[in-house]
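So the structure is just underneath, and the comments pick up after that.
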2 protein chains.
Amino acid sequence: MTQAFRADARRNRDLLLTAARESVAEHGTDASLRDIARRAGVGIGTLYRHFPTREALLEALLNSNFDALRARADVLLAAPDSGEALLTWLGELAAGSATYQGLPESIMNALADETSGLHASCAGMRSAGGQLLKRAQQDGSVRSDVTVSEVIALVLGLAWAAERSVESSDLIARLLTTAMFGLADRGR
Amino acid sequence: MTQAFRADARRNRDLLLTAARESVAEHGTDASLRDIARRAGVGIGTLYRHFPTREALLEALLNSNFDALRARADVLLAAPDSGEALLTWLGELAAGSATYQGLPESIMNALADETSGLHASCAGMRSAGGQLLKRAQQDGSVRSDVTVSEVIALVLGLAWAAERSVESSDLIARLLTTAMFGLADRGR
DNA sequence: ACCTGAACACCGTTCAAGT
DNA sequence: ACCTGAACACCGTTCAAGT
């Protein structure tokens with residue numbers, strides 16, 4: 001199926017992805033598309049032909065990451081402590097969403113917009129987390145009155161906050177455990 | 001001191017603030033400055049003369065809100081239940097940061113950037129919350145290993161997540177109580 | 001002292017013209 | 001089938017020229 005594309009088109013697609021990875025690493029999720037095309041040595045129209053939207057480009061950049069996160073959920077589903085398994089996975093989601101500045105926002109938008117080119121990947125990730133949450137709730141290790149969407153919104157919210165904060169680099173982890181065990185102190 | 005300004009300048013300032021309130025209500029914190037100047041019937045240079053940065057404009061738009069939040073903290077400092085007082089105040093912070101789309105982000109950025117025209121207001125708000133937190137921690141009703149900055153980052157993160165979510169309108173409150181009492185279920 | 005708007009350097013996005 | 005880049009409609013920001 002790779003051979004079904006013209007060699008020059010295939011080449012341009014690769015050049016664009018490499019350029020995008022660089023530019024997004026430097027400037028975050030809302031990096032200039034023009035700049036990406038320039039780095040790839042390609043016309044701006046070529047970028048649009050291969051990736052009709054910014055979200056489609058991000059999807060191509062991130063799909064392996066989402067795959068990995070889904071696979072991790074499958075593994076953790078077999079871990080003995082269901083509550084700990086969920087927390088571990090949420091930590092990896094938070095860490096993963098920190099790979100590019102602005103990524104928590106892109107994921108959050110994609111989840112809310114079914115027409116987004118990034119929606120399928122994000123929805124898949126969400127339902128993988130949903131299985132972990134469900135098990136933890138059935139075990140009684142996590143409160144039963146929260147939905148997957150809420151838990152993910154919470155985690156991405158913390159990742160977002162950590163990303164525009166000057167505090168220590170383990171802020172995400174700190175915020176996550178605070179939210180996991182509660183701000184309120186009930187004699188731990 | 002109001003009379004120290006030329007009448008036309010004073011007038012333009014008011015026109016700009018009214019226009020800004022409208023435009024920001026419609027398009028959020030990153031509303032077009034050009035659009036604001038247009039609505040005010042004023043040249044773009046006049047906007048920059050009165051408000052050298054977007055943050056300075058937001059400050060003028062929001063200072064009364066920050067004052068109110070600081071005043072609320074003073075009142076709540078006298079409430080009997082220190083933990084409940086903190087939660088109430090954090091709820092009001094979350095609600096207040098939802099008045100304009102993008103406001104959680106503006107506040108978060110302002111807290112991290114001391115040169116921001118919005119920094120003083122936000123830092124004042126933070127230290128007011130800090131008093132409430134301190135009292136709650138001394139009472140033992142809130143865990144002692146969190147800072148004000150962390151608590152505020154957490155709340156703004158949740159407000160941000162709620163703002164770009166399709167869920168019910170009480171999502172902020174739900175996320176806040178989850179974070180307050182913890183996602184983990186320890187037999188409530 | 002204050003106001004104006006052209007000018008500059010950028011965007012995202014589309015689309016006619018080319019190979 | 002694919003590529004190119006001019007064109008369009010926007011930005012934020014500055015600054016010479018006006019009153």
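Side-chain atoms are counted along with the backbone in the values below, which use heavy atoms only and exclude waters and symmetry mates.
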Legend entry - Verdict with reasoning, Leu183(B) to Leu154(A), per side chain to side chain contact (heavy atoms under 4.5 Å, CB included): CA-CA 10 Å; Leu183(B) 186 61; Leu154(A) 191 147; 5.9 Å; no
Inset, instruction - Using the criterion of both pairing distances under 3.5 Å for Watson-Crick and G-U wobble pairs, give all stems of 3 or more consecutive pairs involving DNA chain C. - result: C:4-8 with D:12-16, C:12-16 with D:4-8
Inset, instruction - Would you classify Ala31(B) as touching base, sugar-phosphate or nothing, given that sugar-phosphate means primed atoms plus P, OP1 and OP2, and contacts are heavy atoms under 4.0 Å? - result: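 Ala31(B): backbone/sugar contact only, no base atoms under 4.0 Å.
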Roughly, in whole Å, what's the span from [atom1] in [X] to [atom2] in [N]?
X: Leu33(B); N: dG12(D); atom1: CG; atom2: P; answer: 5 Å
X: Arg6(B); N: dC3(C); atom1: CZ; atom2: P; answer: 7 Å
X: Arg38(B); N: dC10(D); atom1: CZ; atom2: C1'; answer: 9 Å
X: Leu47(A); N: dG12(C); atom1: CG; atom2: C1'; answer: 11 Å
X: His27(B); N: dC11(D); atom1: NE2; atom2: C1'; answer: 14 Å
X: Asp30(A); N: dG12(D); atom1: CG; atom2: P; answer: 15 Å
X: Ile36(A); N: dC11(C); atom1: CD1; atom2: C1'; answer: 13 Å
X: Arg54(A); N: dT14(C); atom1: CZ; atom2: P; answer: 13 Å

Inset, instruction - Compare every heavy atom of Cys122(B) with every heavy atom of Phe66(B), then report the nearest pair and how far apart it is. - result: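 Distance-wise, the nearest heavy atoms are CZ-SG, 3.7 Å.
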Legend entry - Under 3.5 Å: donor-acceptor pair, side chain of Ser144(B), backbone of Gly140(B): no
Legend entry - Flag, side chain of Ser97(A) to backbone of Leu103(A), donor-acceptor distance under 3.5 Å: no
Legend entry - Full working for side chain to side chain donor-acceptor pair (under 3.5 Å) between Asn12(B) and Thr46(B): CA-CA 8 Å; Asn12(B) 282 339; Thr46(B) 302; 5.1 Å; no
Inset, instruction - May I ask you to check whether over 12 heavy atoms, not counting those of Glu84(A), lie within 6.0 Å of atom CD? - result: no
Inset, instruction - Tell me which of Gly45(A) and Asp35(A) sits closer to the 5' end of DNA chain C, going by the nucleotide each one is nearest to. - result: Asp35(A)
Counting only side-chain heavy atoms from C-beta out, which of [options] sits nearest to [X]?
X: Ala9(A); options: dT14(C), dC2(D), dA7(C); result: dC2(D)
X: Ile44(B); options: dG12(C), dA6(C), dT4(D); result: dA6(C)
X: Tyr48(B); options: dG12(C), dT4(D), dG12(D); result: dG12(D)

Inset, instruction - Would you mind checking if Arg39(B) and Asp35(B) are paired as a salt bridge, meaning a charged N to carboxylate O distance below 4.0 Å? - result: yes
Inset, instruction - Please determine if Asp67(A) and Arg70(A) form a salt bridge, counting it only when a charged side-chain N lies under 4.0 Å from a carboxylate O. - result: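 Salt bridge: yes.
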With respect to the phosphate group of [N], does any side-chain polar atom (N or O) of [X] fall under 4.0 Å of OP1 or OP2?
X: His50(A); N: dC3(D); result: yes
X: Asn12(A); N: dC3(D); result: yes
X: Arg13(B); N: dC3(C); result: no
X: Arg49(A); N: dC2(D); result: yes
X: Ser32(B); N: dG12(D); result: yes

Legend entry - Along DNA chain D (nearest heavy atom to each residue), the more 5'-positioned of Thr53(B) and Thr46(A):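 Whichever sits nearer the 5' end wins; that is Thr46(A).
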Inset, instruction - Report yes or no: is there a donor-acceptor pair, N or O only, under 3.5 Å between the side chain of Arg34(B) and the base of dG12(D)? - result: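 By the distance-only test, yes, there is a pair.
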